[in-house]
Amino acid sequence: MGYNLLKNKKGIIFGALDDKSLAWKTATRAFEEGAQFTLSNTQSAIRFGQINTLGNKCNAKIIPADATRIKDIEQVILQSMEILGGKVDFVVHSIGMSLNVRKHREYDDLDYDYFLKTIDISALSFHKLLQVAKKLDAIKEWGSVLTYTYIAAQRTLYGYNDMADAKALLESITRNFGYIYGREKKIRINSISQSPTKTTAGSGIKGVDGLIDFTERMSPLGNATADECANFAVVLLSDLSRKITMQNIYHDGGFSSMAMSLKAMTQYNKCLDEEK
Ligand code: NAI
C-alpha cells in the first residue's frame, strides 16, 4: 500500500541486481510511493541480473556504471538529471562486494589488491558519488542520500571479513560528508544498518545461514526483512525525516542492543546438553 510519501520526488537508485536485492525492494517501494527515478548498476550486473525487468516495472531508465569510476558516476548523474528534468531529491547507494569474501580468503590471509577493491567498491564509491553529486549540484535542498551498512562495522562477526572494514569507512563517510552537505546544501546523508538478509551479496558471507538464525533468535522483533528495509528506506527518503542526518540507524529487530536472549540461551543450553 502506498501513502504518496515520495510523490513528485525524483531520484537515482544504485545496486539493484535481482528481486532479492535491497535496492530492488527499495525501488519497488519508492515507485509505489510515487517516486520517479533512474537505476544504475555495472554492465555485467545489467547483463546477468534482472534489472531490466525492474526498469520496465517502475518505468525507470537504466544507466550502466562502475561506481568506482568518476567518469561513470558523472554520466549517471548527468543523464539522470536530463531524464528526470533537473536536480534529484534522493540517491540510494546499495553497493557492496568483496573479492576476499568471494574467494574465501580469511581475514588474516587477505589479498591486498582484493582488499583495496573491497574498500573502493563498498565504501569509496559512496564518497565518489557524493563528491560528484555535490560538484554537479545535482541534489535539491533538503534532499536525502541513503546507503546500506551492517553492524560488523561496530562489532566483530565471524566471517564478515574485510567487508567489516569497508562498512566502518562507509559509516564514517556518511558522517563526514553529511556535515558538509548538510551545512552547505541542507542535504542529509544516513545509513541503514540492516539485519543479515539473503541477497546475492548477503549469501556470500561465510556461515550466513547460521548468522541469520542466530540474529533471529537474539532479536526481540526478529530479523528485519528486505521488504521492511525498503519500508524504512522510503521514510528516510521522504520529507518525514528532514532533520535526520549523519546517522547510522539500526534496522535489525533490536539485535544491536542485545547480548543474550531467552531463545538463544535455550538453543545454547541444548547444544551443551547434547555435548554432555
Ligand atoms: P546485492 O548483491 O543484491 O547488491 C549488491 C550490488 O552491488 C549488486 O547490484 C552489484 O552489481 C553492485 N555492485 C558491485 N560492484 C559494483 C560496482 N563496481 N559498481 C556498481 N555497483 C556494483 O546484495 P544486497 O544485499 O542487496 O547489497 C546491497 C547493500 O546492502 C550492500 O552494500 C550490502 O553490503 C548491504 N547490506 C546487505 C545486507 C545483507 O545481509 N544482504 C545487510 C546489511 C547491509
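Keep in mind that what you see is a predicted model, and the values were worked out from it rather than measured. Ligands are counted one by one from 1 in listed order, and the atoms in each one are counted from 1 as well.
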The one among [options] that brings a heavy atom closest to [atom]:
atom	options	result
atom 39 (C) of ligand 1	Ile212, Asp72, Thr197	Thr197
atom 35 (C) of ligand 1	Phe126, Phe14, Tyr160, Tyr148	Tyr148
atom 6 (C) of ligand 1	Ser94, Ser122, Ala123	Ser94
atom 38 (C) of ligand 1	Leu211, Ile192, Leu22	Leu22

Using a 4.0 Å cut-off to any heavy atom of [X], which atoms of ligand 1 qualify?
X	answer
Gln194	42 (C), 43 (C)
Gly202	41 (N)
Pro196	40 (O)
Asp66	17 (C), 18 (N), 19 (N)
Gly15	4 (O), 6 (C), 8 (C), 9 (O)
Lys167	31 (C), 32 (O), 33 (C), 34 (O), 35 (C)

May I ask you to check whether over 12 heavy atoms, not counting those of [X], lie within 6.0 Å of atom [atom1]?
X	atom1	answer
Glu82	CD	no
Lys140	NZ	yes
Arg242	CZ	yes
Lys87	NZ	yes
Asn269	CG	yes

Looking at [Y] and [X], is any side-chain nitrogen of the basic one under 4.0 Å from a carboxylate oxygen of the acidic one?
X	Y	result
Asp239	Lys9	yes
Asp113	Lys117	no
Lys263	Glu216	no

Looking only at distance, does [X] have an N or O less than 3.5 Å from an N or O of ligand 1?
X	answer
Ala201	yes
Thr199	yes
Tyr150	no
Thr68	no

Would you mind telling me if ligand 1 is within reach of the side chain of [X], the backbone, both or neither, using heavy atoms under 4.0 Å?
X	result
Thr149	backbone
Lys198	neither
Ile121	side chain
Ala45	side chain
Ser195	backbone

[atom] [closest protein heavy-atom partner, distance rounded to 0.1 Å]:
atom	result
atom 3 (O) of ligand 1	Ser21 OG, 2.6 Å
atom 22 (C) of ligand 1	Ile95 CG2, 3.5 Å
atom 11 (O) of ligand 1	Asn41 OD1, 2.7 Å
atom 17 (C) of ligand 1	Thr42 CG2, 3.4 Å
atom 19 (N) of ligand 1	Ala67 N, 2.9 Å

With the side chain counted from C-beta on, respond yes when Thr68 and Leu124 share a heavy-atom pair under 4.5 Å apart, and no when they do not.
-> no

Parallel, tilted or perpendicular: which fits the ring planes of Phe214 and Phe255, with parallel below 30° and perpendicular above 60°?
-> perpendicular

Show the numbers, then the answer: is there a salt bridge (charged side-chain N to carboxylate O under 4.0 Å, His left out) between Arg29 and Asp227?
-> CA-CA 8 Å; Arg29 281 297 285 119; Asp227 287 311; over 6 Å; no

Connected via hydrophobic side-chain network under 4.5 Å: Ile139 and Leu129 = yes

Is the side chain of Tyr148 donor-acceptor paired with the backbone N or O of Gln194 at a distance under 3.5 Å, no angle test?
-> no

Which residue, Thr42, Leu39, Thr147, Val91, forms the side chain to side chain contact (heavy atoms under 4.5 Å, CB included) with Phe14?
-> Val91

